[in-house]
Structure formats: structure tokens, C-alpha cells
Novice: 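The following block contains the structure, expressed as C-alpha cells.
Position 1 is the first residue of the sequence; numbering continues from there.
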Amino acid sequence: MTITEFKTACSNIEQEYKTKIAAAADLPAVEELRVAALGRKGALTELLKGLKDFSIEDKKTAGPLGNALKASLTAALDEKTAFFAAKQINDELNKTNLDLTLPAFPVAKGHRHPLSVAMDRMTTILSRLGFEWAEGPWVEDEKHNFDMLNIPKHHPARDAQDTFFADTGMLSMVLRTHTSNVQSRYMEKHQPPIRIMAPGRVFRNDSLDATHSPVFHQIEGLYVDKHVSMADLKQDLTAFMQGLFGNKAQIRFRPSFFPFTEPSAEVDVKCVFCQGKGCPVCKGSGWIEMLGSGVVHPNVLKNCGIDPEVYSGYAFGVGVERLAMMMMNINDIRTFYENDVRVLSQF
């Protein structure tokens, strides 16, 4: 076969099969033509077998012609296949009364829980202040939950009235009463500078009322470095509270006592429900206690292997539910746990 005859054969095959493809009546007919034209014994395959007898120069001409023919036939076959596939779908749809132009049935969308929304907002503000995320176990040994935090055996916080004890059969374990257990565990393994936040669930043997729950959420904040003082604590907590409630938020610091900080302070925010006039939520005081804080006690640093003569720090514990109540104008903490969709859908 000469190169001229090869060109003529390519043209004849293309015209023949494109005519047959155009006239194909269904998908099986198209597939039969695909095999007849491009299969192992198809017309194009048989034609290309003759390339072995061509000179190198002729092969340079014949090869591209063969590839172009194959591409042309493949495109025509695929187009016809797509036509019959679409026709088959339309035929099936025409057999039903389904109207695809109708709007879809409304599907109820899920909503983020308000506590998740509040937690994200708080941790976002703290992260902007330089705090890194840290976590610890819910079921904790008394060493990390109490001893290392300078809470002695006789302290009321260790009494069964406030703490859930877990019977493990070996160690004396508790459901953590604060996320401060993360503080003691983190300082054991890391040297200053330390700046962490520890969000999570905590457990206390409290009665359930409008502002208390036996299971709630807390964010622990800890900053340890050289020359950290109460002024740093006040500055950061003021920035945190104003980030949540706006620059006009009224905040006050009250002297307090915690065994793991000295000096200690409680931080209150003016009640948003009564604007400080007094209501059941704030128990008539006009203020709602938001968190406890203070300068880390030297004994805590020493227990965790940090030299209190070189380093100092501050710590605070934020009740997520109480802050969320203020942020979202919710006057009963039980609202967060009742899972009423009518309430959750508002957030």
C-alpha cells in the first residue's frame, strides 16, 4: 500500500462509519459500530497494521492521519452515545408525573449550639491575645486536680459535697472540678514562657438553678513568664471582657481567695438584664460574677517544677455558660441543656 492509498482508505473509513453512526437507531447499534471501527479487528486497526511496510518518511505522514481518524470516529461515537443516554433519561422521566421545575421540599437545617458559638467567640478573642489551646482529661487524679494546685486535703473543695469521686478500684480519681488540671499538667512538661487557654467541660456537685449546673463549661487561662503581675491580669481580662461585651461593658475586680492564686480577684460584669438595678438573675446585686482569677501561687509553680524566684504568672477561670447568658440575653442556664429547637434555632 502506498501513502496515497493509505490516505484514500482513511477518508473512505471516516465517511462510511460517520454515515453509519448518524443512522444508528439505539445504543447497542452504536456499540457495535465502535467495535467494528475501533476494535481489535476493526477497520481502523486493520488499516494501521499496514504501517509496518512503510518507509520512515511515509510513517511520519501516515501515523498522524491514523491518529486523527481515530479521534474523529471516537468523538462521533461518544456524541451519539451521549444522545441516546439523555434520550433514555428523558423517556424515563416522561413516564412519571414528577415535575422537576417544582421547588424542593423545605428541609430543616441544623444549628450550632449557643454554647459552641460562645466558646468559639471566647477562644478567638483569647487567641488574639496570644493564648494557645491546651487540653486535659475529664477524669483526673487528685494530684493534678488538687494537690499540685495548692488545694490541701482539708479544703472544702475536696469534700464530696462539691466533687464527684470516681471509683476506679486503684487511684482516687475525680471528675475534674475545673480545667485547672490542664494548668498543672502543662506546667509539668513545659518551661516558661507559657500562655495557654484550656476550654472544656467540668463537673461539680451543685444544685441546678438559673445560674448553676452540675455539668458546665469553663475556660482556664494561664500566663507564666518573668515579671508577670496583677496589672497584666487586669489588662488582659479587661480586653477579654470588652471584646465580648463591647467597650462600654462595666467590669469590676473584687478581692477574693483561691488556694492556687495569691493575690486573688473575682471579676464581675454589670447585669445586662436589669442594667445594674437588680433582678433574679443577678440576685438583686446588679452584678454577675463572671470568673475567678489571680497571680499564680508560688507553691503551684514550685509543685510543677518552675522556680517562683525567677518566674511569676496569672491564671483565671471563665464560666462559659454565664458569659453566654450575658452575650445572648438568656436568663436561665437550664435553657442551654433543654435542647428546645425553637430556642437553639435563634442562634
Novice: Taking all non-hydrogen atoms of both residues into account, name the closest pair between M119 and P199 and its distance.
Specialist: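 Minimum heavy-atom separation between M119 and P199: SD-CB, 3.6 Å.
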
Novice: Can you spot which of Y314, F131, F316 makes a ring pair (Phe, Tyr, Trp, His ring centres under 6.0 Å) with Y223?
Specialist: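 The residue from Y314, F131, F316 that satisfies ring pair (Phe, Tyr, Trp, His ring centres under 6.0 Å) with Y223 turns out to be Y314.
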
Novice: Are F257 and F260 connected, step by step, through hydrophobic side chains (Ile, Leu, Val, Met, Phe, Trp, Tyr) whose heavy atoms are closer than 4.5 Å?
Specialist: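 Result: no, two separate clusters.
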
Novice: Taking R185 first and then D141, would you say they form a salt bridge - that is, a charged N and a carboxylate O separated by under 4.0 Å?
Specialist: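 Looking at R185 and D141, the cut-off is met.
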
Novice: Is I125 reachable from I219 through a run of hydrophobic residues whose side-chain heavy atoms are each under 4.5 Å from the next?
Specialist: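 The answer is yes; both residues are in one hydrophobic cluster.
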
Novice: Can you list the steps and then say if V202 with E220 is a side-chain contact (heavy atoms from CB on, under 4.5 Å)?
Specialist: CA-CA 11 Å; V202 296; E220 172 88 3; over 6 Å; no

Novice: In this structure, are over 12 heavy atoms from other groups packed under 6.0 Å from Q88 atom CD?
Specialist: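 Atom CD in Q88 is not crowded, with 12 or fewer foreign heavy atoms closer than 6.0 Å.
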
Novice: So if you build clusters from Ile, Leu, Val, Met, Phe, Trp, Tyr with side-chain heavy-atom gaps below 4.5 Å, do Y337 and V320 land together?
Specialist: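 Result: yes, single cluster for both.
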
Novice: Is there a donor-acceptor contact under 3.5 Å linking the side chains of E321 and S213?
Specialist: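 No, S213 and E321 have no side-chain donor paired with an acceptor closer than 3.5 Å.
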
Novice: Evaluate N150 against E262 for side-chain contact (heavy atoms from CB on, under 4.5 Å), listing each step before the verdict.
Specialist: CA-CA 11 Å; N150 200 38; E262 180 59 39; over 6 Å; no

Novice: For the pair D206 and R204, find out whether any cationic side-chain nitrogen is under 4.0 Å from an anionic carboxylate oxygen.
Specialist: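 A salt bridge is absent here (no side-chain N lies under 4.0 Å from a carboxylate O).
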
Novice: Got a donor-acceptor contact below 3.5 angstrom from the H297 side chain to the F258 backbone?
Specialist: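 No, because the side chain of H297 does not come within donor-acceptor range (under 3.5 Å) of the backbone of F258.
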
Novice: If you look at every heavy atom in A265 and M230, which pair is closest and at what distance?
Specialist: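 For A265 and M230, the tightest heavy-atom pair comes out as CB-CE, 3.6 Å.
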
Novice: Could you verify whether a donor N or O on one side chain and an acceptor N or O on the other, from R322 and H212, lie under 3.5 Å apart?
Specialist: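 Yes, because at least one side-chain N or O of R322 sits under 3.5 Å from a partner of the opposite role on H212.
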
Novice: For E79 and I21, run side-chain contact (heavy atoms from CB on, under 4.5 Å): C-alpha distance rounded to whole Å, both residues' side-chain angles, the deciding distance at 0.1 Å, then the answer.
Specialist: CA-CA 10 Å; E79 182 180 355; I21 292 169; over 6 Å; no

Novice: Check the surroundings of atom NZ in K59: do more than 12 heavy atoms from other residues, nucleotides or ligands lie under 6.0 Å from it?
Specialist: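 For K59, atom NZ is crowded (more than 12 foreign heavy atoms under 6.0 Å).
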
Novice: Kindly indicate whether the side chain of H178, heavy atoms from C-beta on, has any atom under 4.5 Å from the side chain of I151.
Specialist: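 Yes, at least one pair of side-chain atoms sits under 4.5 Å.
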
Novice: If you draw the axis of the six-membered ring of F83, does the NZ or CZ of K80 fall within 45° of it and under 6.0 Å from the ring centre?
Specialist: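 K80 over F83 ring: yes.
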
Novice: Ignoring hydrogens and geometry beyond distance, is a side-chain donor-acceptor pair present between K7 and T61 at under 3.5 Å?
Specialist: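 The criterion, which ignores hydrogens and geometry beyond distance, is not satisfied for T61 and K7.
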
Novice: Would you say CD of E16 has more than 12 non-hydrogen atoms from neighbouring residues, nucleotides or ligands within 6.0 angstrom?
Specialist: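 Enclosed: over 12 neighbouring heavy atoms sit under 6.0 Å from CD of E16.
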
Novice: Counting only heavy atoms from other residues, nucleotides and ligands, does the tally under 6.0 Å from CD of Q346 exceed 12?
Specialist: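 More than 12 within 6.0 Å, yes.
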
Novice: Should R34 and D78 count as an ion pair when the cut-off is N to O under 4.0 Å?
Specialist: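 Salt bridge: yes.
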
Novice: Does Q183 offer a backbone N or O that forms a donor-acceptor pair with the side chain of S180 under 3.5 Å?
Specialist: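 Between the backbone of Q183 and the side chain of S180 there is no qualifying donor-acceptor contact (under 3.5 Å).
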
Novice: Does CZ belonging to R128 count more than 12 external heavy atoms closer than 6.0 Å?
Specialist: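 No, the 6.0 Å shell around CZ holds no more than 12 heavy atoms from other groups.
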
Novice: Which pair of non-hydrogen atoms, one from F6 and one from L48, has the smallest distance, and what is that distance?
Specialist: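 Heavy atoms of F6 and L48 come nearest at CZ-CD2, 4.0 Å.
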
Novice: Considering the options Q218, R201, E135, which one meets the side chain to side chain donor-acceptor pair (under 3.5 Å) requirement together with T179?
Specialist: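 Looking at Q218, R201, E135, the match for T179 under the side chain to side chain donor-acceptor pair (under 3.5 Å) is Q218.
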
Novice: Tell me whether D120 contacts the main-chain N or O of V117 through its side chain, where contact means a donor paired with an acceptor under 3.5 Å.
Specialist: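 Side chain of D120 to backbone of V117, a donor-acceptor pair under 3.5 Å: no, none is there.
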
Novice: Just by modelled atom types, is the T124 backbone N or O under 3.5 Å from a matching donor or acceptor in the S127 side chain?
Specialist: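 Yes.
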
Novice: Between the side chain of S256 and the main-chain N/O of S264, is any donor-acceptor distance below 3.5 Å?
Specialist: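 Not confirmed, S256 side chain does not pair with S264 backbone.
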
Novice: Closest heavy-atom contact between C10 and L47?
Specialist: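 For C10 and L47, the tightest heavy-atom pair comes out as SG-CD2, 3.6 Å.
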
Novice: Between H227 (side chain only) and S312 (backbone N and O only), is there a donor and an acceptor less than 3.5 Å apart?
Specialist: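 A pair under 3.5 Å: no.
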
Novice: Taking atom CD as the centre, does E188 end up with more than 12 heavy-atom neighbours from other residues, nucleotides or ligands that are less than 6.0 angstrom away?
Specialist: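 Yes, the 6.0 Å shell around CD holds more than 12 heavy atoms from other groups.
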
Novice: Any chance the side chains of N303 and S184 put a donor and an acceptor closer than 3.5 Å?
Specialist: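 Looking only at side-chain atoms, S184 and N303 do not form any donor-acceptor pair under 3.5 Å.
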
Novice: Look at the side chain of T81 and the backbone N and O of L77, then say whether any donor-acceptor pair between them is shorter than 3.5 Å.
Specialist: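 Side chain of T81 to backbone of L77: a pair is present.
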
Novice: Under the criterion side-chain contact (heavy atoms from CB on, under 4.5 Å), I'd like the reasoning laid out for R195 against E132: C-alpha separation, chi angles, the key distance, then a yes or no.
Specialist: CA-CA 6 Å; R195 197 175 181 93; E132 297 181 353; over 6 Å; no

